[in-house]
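Numbers here are sequence positions counted from 1.
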Amino acid sequence: MNKSVVFGALTVAGLAAGAAAAGTLDDVKARGKLNCGVSTGLVGFAAPDASGEWKGFDVAVCRAVAAAVLDDPSAVEFVPTTGKTRFTALASGEIDMLARNTTWTFSRDVDLKFEFVGVNYYDGQGFMIPKELGVSSAKELDGATVCIQTGTTTELNLADFFRANNISYEPVPIETNAEAQQQYLAGACDVYTTDASGLAATRATFENPGDHIVLPEIVSKEPLGPLVRHGDNEWGDIVRWTLNALISAEELGVTSTNVAGLGEKANPETPEINRLLGTEGNLGEMLGLDADWAKRAIAVEGNYGEIFEKNIGESTPIGLARGLNGQWKNGGLLYSPPFR
């Protein structure tokens, strides 16, 4: 598919939605519900459980925003989107925000008229293969068939990597992660390529995950994060600072278990926590929210570290280490601007 055609069409959609974008906060409040775009199902990040309740690392961001704005983390309508449909859903106003392991790129930010509010997972594209294939490097994949989701950054990254290494491949286009998993396990493709976190999440659902390996090469930068439409800075600020609240809470030692007590009254020894939790200053008022907005957001599933460990961390089947997603004081890239 011609990317320029897709980008051009979405640019028009984005511009058309721009005028209507202002006032998202009012729309959400009037509706009494946040419409949040998520993936069609990626365990650990966004997927319904056995009872149909959506759970995961990205889902937690949606629920934190709903708690901040509506005082109800369950007041979320989760809208499953594919790599192709996610941007149209956001540009058209079908969803208020997108939290779907989506990479922040120049063209998406500028040409598609979206605003990425931050990064909640620093990732990179990898390759998964059956161990029995006997390959130890992606550079040995000459002639391989590769399952790849359409409408994603992985398409271009894949082409760049194979061209740079003067090797060829045959793409097997798929729409969703579930379809990719099905095709890969059926042997319709030798390789599945997507963000390394997505590969780990997918492999964790296999009956025999040990029969599959993720090759060592990481061939791209994939800063994943929530995004909103251009044209409504106030709404963008709310989603951005809700994410920052979760990140800062971990740095400051504010957790799901102590946030209630810390938010009861100001402590002269912790001015940044006071401002974050609304016992000092008027940051909530600046956002058009009340003083307890961040306190509610953190109380849902805890701070960033708690959300990470619960959904995708090393103690889960997905087994992801913090790595680049560690706090800046621990050598990672997580760094929130100050609450002041």
Side-chain angles (χ1 to χ4, degrees), residues 36 38-39 41-49 53-68 73 76 78 97-104 116-126 177 194-205 209 214 218 221-227 239-259 276 294-337 339:
C36 196
V38 291
S39 75
L42 183 62
V43 173
F45 284 87
D49 64 12
E53 182 179 356
W54 282 86
K55 293 186 176 179
F57 184 73
D58 287 331
V59 166
V61 177
C62 302
R63 294 199 187 281
V65 173
V76 185
F78 291 100
M97 60 179 285
L98 181 65
R100 186 201 175 280
N101 48 299
T102 296
T103 305
W104 188 347
F116 284 79
V117 301
V119 177
N120 72 330
Y121 194 93
Y122 291 93
D123 211 345
Q125 183 174 336
N177 187 68
T194 188
D195 300 336
S197 64
L199 294 178
T202 300
R203 184 175 63 172
T205 67
V214 177
I218 297 294
K221 292 186 295 184
E222 307 292 333
L224 311 178
L227 56 155
V239 181
R240 173 182 300 105
W241 284 97
T242 299
L243 175 60
N244 284 336
L246 302 178
I247 293 170
S248 281
E250 181 183 20
E251 179 184 345
L252 296 169
V254 180
T255 69
S256 56
T257 55
N258 68 16
V259 64
L276 172 66
K295 179 179 174 181
R296 290 194 299 271
I298 297 162
V300 180
E301 290 194 40
N303 61 41
Y304 178 94
E306 290 177 281
I307 293 169
F308 188 105
E309 293 307 322
K310 173 185 176 181
N311 292 288
I312 58 176
E314 290 182 290
S315 63
T316 70
I318 296 167
L320 293 172
R322 288 293 292 269
L324 295 177
N325 297 292
Q327 287 280 341
W328 64 283
K329 290 184 176 180
N330 300 324
L333 297 179
L334 277 192
Y335 186 108
S336 167
F339 278 76

Peer 1: Which heavy atom of Ala204 sits nearest to which heavy atom of Pro317, and what is that distance?
Peer 2: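 For Ala204 and Pro317, the tightest heavy-atom pair comes out as CB-O, 3.5 Å.
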
Peer 1: Got a donor-acceptor contact below 3.5 angstrom from the Ser248 side chain to the Ala245 backbone?
Peer 2: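 Answer holds: no.
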
Peer 1: According to ring pair (Phe, Tyr, Trp, His ring centres under 6.0 Å), who are the partners of Tyr122, at least two apart in sequence or on a separate chain?
Peer 2: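 Per chain and number, Tyr122 pairs via ring pair (Phe, Tyr, Trp, His ring centres under 6.0 Å) with no residue.
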
Peer 1: OG of Ser197 to CZ of Phe57: how many Å apart, nearest 0.5 Å?
Peer 2: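 Between atom OG of Ser197 and atom CZ of Phe57 there are 9.0 Å.
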
Peer 1: If the condition is side chain to side chain donor-acceptor pair (under 3.5 Å), which residues does Trp104 pass it with, not counting sequence neighbours?
Peer 2: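 Counting only residues at least two positions away or on another chain, Trp104 forms a side chain to side chain donor-acceptor pair (under 3.5 Å) with Asp109.
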
Peer 1: Could you walk me through whether Arg296 and Glu301 pass salt bridge (charged side-chain N to carboxylate O under 4.0 Å, His left out), step by step?
Peer 2: CA-CA 10 Å; Arg296 290 194 299 271; Glu301 290 194 40; over 6 Å; no

Peer 1: Decide yes or no for Val214 and Arg203: does some side-chain heavy atom of the first lie under 4.5 Å from some side-chain heavy atom of the second?
Peer 2: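 Yes. Closest side-chain heavy atoms under 4.5 Å.
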
Peer 1: Quick check on side chain to side chain donor-acceptor pair (under 3.5 Å): which of Thr102, Asn120, Asn311 does Asp58 satisfy it with?
Peer 2: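 When Thr102, Asn120, Asn311 are each tested with Asp58, the side chain to side chain donor-acceptor pair (under 3.5 Å) holds only for Asn120.
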
Peer 1: Can you tell me how far the CG atom of Leu98 sits from the SG atom of Cys36, to the nearest 0.5 Å?
Peer 2: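 Taking CG in Leu98 and SG in Cys36, the distance rounds to 7.5 Å.
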
Peer 1: Give the C-alpha distance, both sets of side-chain angles, the deciding distance and a yes or no for side-chain contact (heavy atoms from CB on, under 4.5 Å) between Ile307 and Leu246.
Peer 2: CA-CA 9 Å; Ile307 293 169; Leu246 302 178; 3.9 Å; yes

Peer 1: Measuring from Thr194:OG1 to Gln125:CD, what's the distance to the nearest 0.5 Å?
Peer 2: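 The CD atom of Gln125 is 7.0 Å from OG1 of Thr194, to the nearest 0.5 Å.
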
Peer 1: Please determine whether side-chain contact (heavy atoms from CB on, under 4.5 Å) holds for the pair Val65 and Met97, giving the CA-CA distance in whole Å, both sets of side-chain angles, and the decisive distance to 0.1 Å.
Peer 2: CA-CA 10 Å; Val65 173; Met97 60 179 285; 4.0 Å; yes

Peer 1: Report the distance from atom CG of Leu42 to atom CZ of Arg100, rounding to the nearest 0.5 Å.
Peer 2: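 That separation rounds to 8.5 Å.
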
Peer 1: Working to the nearest 0.5 angstrom, can you tell me the gap between Arg322 CZ and Leu334 CG?
Peer 2: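 Between atom CZ of Arg322 and atom CG of Leu334 there are 6.0 Å.
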
Peer 1: Are any of the side-chain heavy atoms of Trp328 and Glu251 separated by less than 4.5 Å?
Peer 2: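 Yes, at least one pair of side-chain atoms sits under 4.5 Å.
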
Peer 1: In Å, rounded to the nearest 0.5 Å, how long is the span from NZ of Lys55 to CZ of Arg63?
Peer 2: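 Reported value, rounded in 0.5 Å steps: 8.5 Å.
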
Peer 1: Ignoring hydrogens and angles, tell me if any N or O in the side chain of Gln327 forms a donor-acceptor pair with the backbone of Ile247 under 3.5 Å.
Peer 2: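 Flag set: sc Gln327 to bb Ile247 pair under 3.5 Å.
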
Peer 1: Between Gly253 and Asn258, which heavy-atom pair has the shortest distance, and what is it?
Peer 2: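 Reported closest heavy-atom pair: O-ND2, 3.0 Å.
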
Peer 1: Any side-chain heavy atom of Thr202 within less than 4.5 Å of one from Asn177?
Peer 2: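 The answer is yes; the side chains approach within 4.5 Å.
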
Peer 1: Indicate yes or no for a side-chain donor-acceptor contact from Asn303 to the backbone of Glu306 under 3.5 Å, with no hydrogens or angles considered.
Peer 2: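 Between the backbone of Glu306 and the side chain of Asn303 there is a qualifying donor-acceptor contact (under 3.5 Å).
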
Peer 1: Please report the shortest heavy-atom distance between Ile218 and Gly126, naming the atom on each side.
Peer 2: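 Of all heavy-atom pairs spanning Ile218 and Gly126, the closest is CD1-CA, 4.4 Å.
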
Peer 1: Assign the ring pair Phe308 / Tyr121 to parallel, tilted or perpendicular, where the plane angle (0 to 90°) is split at 30° and 60°.
Peer 2: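 Parallel, since the angle between the ring planes stays under 30°.
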
Peer 1: For Asp195 and Gly124, indicate whether the former's side chain and the latter's backbone hold a donor-acceptor pair under 3.5 Å.
Peer 2: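 Answer holds: no.
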
Peer 1: To check you understand the geometry: which heavy-atom pair defines the closest contact between Gly44 and Ile312, and what is its length?
Peer 2: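 For Gly44 versus Ile312, the nearest heavy atoms are O-CG2, 3.4 Å.
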
Peer 1: Would you mind reporting whether Leu252 and Leu276 have side-chain heavy atoms less than 4.5 Å apart?
Peer 2: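 Sidechains of Leu252 and Leu276: in contact.
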
Peer 1: Checking the side chain of Asn244 only, and the main-chain atoms of Val239 only, is there a donor and an acceptor separated by less than 3.5 Å?
Peer 2: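 Absent.
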
Peer 1: Measure across Ala46 and Ser39 and return the closest heavy-atom pair with its distance rounded to 0.1 Å.
Peer 2: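 Reported closest heavy-atom pair: O-OG, 3.3 Å.
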
Peer 1: Grab the two heavy atoms, one from Thr205 and one from Val43, that are nearest each other, plus how far apart they are.
Peer 2: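 Smallest interatomic distance, heavy atoms only, reads CG2-CG2, 3.7 Å.
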
Peer 1: Quick one: does Phe78's side chain get under 4.5 Å of Cys62's, heavy atoms only?
Peer 2: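 Contact flag for Phe78/Cys62 side chains = yes.
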
